[in-house]
Amino acid sequence: MKKKTVRTRFAPSPTGFMHVGSAYQALLDYAFAKKNQGKFILRIEDTDQKRKVPGAEKKIYQALEWLGLEPDESPQKGGPFAPYRQSERLKIYRQYAEKLVKEGKAYYCFCSPQRLEKVRRQRQRQGLPPMYDGHCRHLPPSQVEKNLREGKPFVIRLKVPRNKKIVVNDLLRGEIVFDSNMVDDQVLIKSDGFPTYHLASVVDDHLMEITHVIRGEEWLSSAPKHILLYQYFGWEPPVFVHTPILRNPDRSKMSKREGHTSLFWYKKEGFLPEALLNFLALLGWSHPQQKEIFSLKEFISLFDLKDVSPLGPVFDLRKLEWMNGEYIRQMDDEELGRRLKEFLPRLKEEQVKKAAPLVKERIKKLKEAEELLAFVWEDIDYPKELLLQRGTDKDTAILMLKEAKKIVEEKWGKIEEIRDGLLSLIKEKDWNTGAFFMVFRVAICGKTITPPIVESLELLGKERVIERINAALEKLKT
RNA sequence: GGCCCCAUCGUCUAGUGGUUUAGGACAUCGCCCUCUCACGGCGAAAACCGGGGUUCGAAUCCCCGUGGGGUCACCA
């Protein structure tokens, strides 16, 4: 028997923003497909017209591109199973839904939203699960015909059998048995003619020959509906993998409310996509040699869905920050400079290049470079007392700056010589090294936390360095 | 509330019946390095949810509690 090509799909809804949890899903889809020389498919699930947001689909492409998870088939790229946008496949869903109706596995329902609401409330009062009461299940065909002819709005519902066991096979959890009496007669086709997720995803996953449905655990409880559909259609179901959902620090589902859930927030903050991916990979999975830092390529080669832990992990931003810092430090200066550019719009390209090695060991996120280097483009302002670092008195401070200025002017352009010059000056005058550099630092940058000060001088340029030393001297004299 | 899933340091996890005084990483704390801040190095503190079984022996297997989570839409 020929082994089927592994095909996974990432199937987001274009609702306006990309969740980190979605990125996690996409990573697993991608890694598993690539691991098995399979295909990674992007399908746009835009069946909810109310929630559709213009431009949202574009953001999905941008997100995948930023992450470096390129689909093999997508609405943009096309592929053998096009179209990959569900709104363009309406006829297909309708056709399959009607097939079910003909076979008595689904039925037209003409109940109004008001009636449904009433039924729900009633059942809840009785302590029953708030399900549909099956009112239209047994409408006589003549009545259905009549309603249809009259153009009464309708939906198509799945006819769920009573008193049956429905078994869902999940790769991570094994067999899960559901009582069909707990499964609602799910709407398959909405009154606007669009399918619901349940119908559309089953039909598409089958038609697109998806072998592994990897999705969040929140889908587990609706999985019996999907299994039932596969049975009704006589299709072989794919392997289901319900992956843990990411949690807030309070262990609730990572939502829009708390924490940072938008993938683009991470981009804006200056997280590197490769670091984010590495971090995500470590959620629910661990490297066989306990390595923390590894590439996407390495992840793919070692990854197996079976090894994913079913426990919903808390998304620990601090560990991500640490990891991002590791990636920044591993990067060569030139590459770091390129990535830093968009975060330092006030610096010239030359300056960014020079700044890269100075901030490299001091930032966890690219965005932090901005604050660290702000002294370069901002006018500095500080109280005079700030210059009197480590108990340095006014006269000493003045002397320090005067002497330092001489050396800087004389040796400008040669960092090593400036440093050596300052060091021997300190020795000669018997100053405290730390105190001297702090006074110098404040004079140049206006603050006590900066990149290495001697190396930072050329970011400012000779003129401004001298200017600032003069300004500091003025300040001290008043 | 019904149904379903889950349960090792604060967090991410290793561990698949004995090699475990339960290992690593982040975070925390201390020391060292040091021109500040960082980086780096060394070290400390820190966990098997509880109760029953099974077994010569359970973090590891079973059951029951407890706790957390998910889900109950013409949203995905």
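First the proteins, then the strands, lettered A, B, ... as listed; each starts at 1. All figures in this text were calculated on a predicted structure; none of them were measured in a lab.
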Asks: Restricting to non-hydrogen atoms, name the atom on A:Met323 and the atom on A:Glu292 that form the minimum distance, rounded to 0.1 Å.
Replies: CE-O, 3.5 Å
Asks: Of all the choices, B:C35, B:G69, B:C26, which nucleotide is nearest to the side chain of A:Ile453 once you look at every atom?
Replies: B:C35
Asks: Heavy atoms only, 4.0 Å cut-off, all strands: where does A:Glu455 land among base, sugar-phosphate and nothing?
Replies: base
Asks: Starting from P on B:C5, measure out to CZ on A:Phe178 and report it in whole angstrom.
Replies: 7 Å
Asks: Figure out the CG/C1' separation between A:Leu457 and B:C35, and round it to whole Å.
Replies: 12 Å
Asks: Rounding to an integer number of Å, can you tell me how far A:Glu361 CD sits from B:C39 C1'?
Replies: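 Those two atoms, CD and C1', are 4 Å apart.
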Asks: Calculate the interatomic distance between A:Leu246 atom CG and B:G68 atom P; express it in whole Å.
Replies: 20 Å
Asks: Please determine, for the side chain of A:Arg362, which listed nucleotide (B:C74, B:G68, B:C37) has the closest atom?
Replies: B:C37
Asks: At less than 3.5 Å, do the side-chain atoms of A:Arg318 and the base atoms of B:C26 form a donor-acceptor pair?
Replies: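 Donor-acceptor pair under 3.5 Å: no.
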Asks: Of the nucleotides B:A76, B:C37, B:U11, which one has an atom closest to the side chain of A:Ile449?
Replies: B:C37
Asks: Let's test this: given Watson-Crick or G-U wobble pairing with both distances under 3.5 Å, identify the partner of B:A7.
Replies: B:U66
Asks: May I ask you to say what A:Cys111 touches in the nucleic acid, namely base, sugar-phosphate or nothing, with a heavy-atom cut-off under 4.0 Å?
Replies: base
Asks: Select one nucleotide: of B:G69, B:A25, B:C35, the one nearest the side-chain heavy atoms of A:Glu217.
Replies: B:G69
Asks: A:Pro130 has a side chain; which of B:C72, B:A76, B:C6 sits nearest to it?
Replies: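 Given the options B:C72, B:A76, B:C6, the side chain of A:Pro130 is closest to B:C72.
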Asks: Among B:A27, B:C74, B:U11, which is the nearest nucleotide to the side chain of A:Lys364?
Replies: B:A27
Asks: Classify the ring geometry between A:Phe440 and A:Phe437 as parallel (under 30°), tilted (30 to 60°) or perpendicular (over 60°).
Replies: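 Ring orientation, 0 to 90° scale: perpendicular.
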Asks: For a quick test of reading the model: is some side-chain N or O of A:Arg251 closer than 4.0 Å to OP1 or OP2 of B:C12?
Replies: yes
Asks: Under a 3.5 Å cut-off for both distances, is B:A47 Watson-Crick or wobble paired, and to whom?
Replies: none
Asks: Taking a pair as Watson-Crick or G-U wobble with both distances under 3.5 Å, which nucleotide is matched to B:A38?
Replies: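 Base-paired to nothing in any strand shown.
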Asks: Can a side chain N or O of A:Lys253 be found less than 4.0 Å away from OP1 or OP2 on B:U71?
Replies: yes
Asks: Tell me what A:Arg441 touches on the nucleic acid: a base, only sugar-phosphate, or nothing, going by heavy atoms under 4.0 Å.
Replies: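 Base contact.
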Asks: Flag the pair A:Arg419 and A:Glu455 as a salt bridge only when some basic side-chain nitrogen lies within less than 4.0 angstrom of an acidic carboxylate oxygen.
Replies: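 Yes.
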Asks: Would you call the rings of A:Phe10 and A:Phe40 parallel, tilted or perpendicular, where under 30° means parallel and over 60° means perpendicular?
Replies: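 Parallel.
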Asks: Return no unless some side-chain N or O of A:Arg157 is found under 4.0 Å from OP1 or OP2 of B:C74.
Replies: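 So the side chain of A:Arg157 is within the cut-off, an N or O lying under 4.0 Å from OP1 or OP2 of B:C74.
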Asks: Between B:U19 and B:U54, how far apart are the C1' atoms? Round to whole Å, please.
Replies: 23 Å
Asks: Can A:Lys225 be said to sit on top of A:Tyr197's aromatic six-ring, NZ or CZ under 6.0 Å from centre and within 45° of the ring axis?
Replies: no
Asks: Does OP1 or OP2 of B:C75 have a side-chain N or O of A:Lys190 closer than 4.0 Å?
Replies: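 A:Lys190 to B:C75 OP1/OP2: side-chain N or O found under 4.0 Å.
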Asks: What is the separation between atom CG on A:Leu276 and atom P on B:C12, rounded to the nearest whole Å?
Replies: 17 Å
Asks: Can you tell me which nucleotide in B:C75, B:C6, B:U36 comes closest to the side chain of A:Arg390?
Replies: B:U36
Asks: Is the base of B:C4 touched by the side chain of A:Ser221 through a donor-acceptor pair closer than 3.5 angstrom?
Replies: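 Result: no qualifying N/O pair found.
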Asks: Between A:Arg157 and A:Asp133, is the closest basic N to carboxylate O distance under 4.0 Å?
Replies: no
Asks: Are A:Lys447 and B:U36 close enough that a side-chain N or O sits under 4.0 Å from OP1 or OP2?
Replies: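 A:Lys447 to B:U36 OP1/OP2: no side-chain N or O under 4.0 Å.
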Asks: In terms of the nearest nucleotide of RNA chain B, which residue is placed more toward the 5' end: A:Gly312 or A:Val187?
Replies: A:Gly312
Asks: Mapping A:Trp219 and A:Arg247 onto RNA chain B by nearest heavy atom, which one lands closer to the 5' end?
Replies: A:Arg247
Asks: So what does A:Pro12 hit on the nucleic acid, given a heavy-atom distance under 4.0 Å: a base, only sugar-phosphate, or nothing?
Replies: nothing
Asks: Any strand counts, and the cut-off is 3.5 Å on both contacts for Watson-Crick or G-U wobble. Which nucleotide pairs with B:G1?
Replies: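 Result: B:C72.
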Asks: May I ask you to say what A:Ser191 touches in the nucleic acid, namely base, sugar-phosphate or nothing, with a heavy-atom cut-off under 4.0 Å?
Replies: base
Asks: Looking across every strand, which nucleic acid part, if any, lies under 4.0 Å from A:Glu292 by heavy atom: base, sugar-phosphate, or nothing?
Replies: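 Contact class for A:Glu292: base.
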Asks: Parallel under 30°, tilted from 30 to 60°, perpendicular over 60°: which one fits the rings of A:Phe299 and A:Phe303?
Replies: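 Tilted.
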Asks: Quick one: which of B:C39, B:G70, B:C75 gets closest to the side chain of A:Asp48?
Replies: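 Minimum distance to the A:Asp48 side chain belongs to B:C75.
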Asks: Check every strand shown and say whether A:Leu320 touches a base, only sugar-phosphate, or nothing at a heavy-atom separation below 4.0 Å.
Replies: nothing
Asks: When rounded to the nearest Å, what value does the distance between P atoms of B:U11 and B:C48 take?
Replies: 12 Å
Asks: Side chain of A:Lys319, heavy atoms from C-beta onward: which of B:C12, B:U71, B:C75 has the nearest atom to it?
Replies: B:C12
Asks: Picking from B:C6, B:C35, B:C74, which would you name as closest to the side chain of A:Pro452?
Replies: B:C35
Asks: With A:Asp185, which of A:Arg162, A:Lys105, A:Lys159 fulfils salt bridge (Lys or Arg N to Asp or Glu O under 4.0 Å)?
Replies: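 Answer after filtering A:Arg162, A:Lys105, A:Lys159: A:Arg162.
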Asks: Does A:Ser286 place a side-chain N or O at less than 4.0 Å from the phosphate oxygens OP1/OP2 of B:A14?
Replies: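 Answer yes for this pair, as a side-chain N or O of A:Ser286 is under 4.0 Å from OP1 or OP2.
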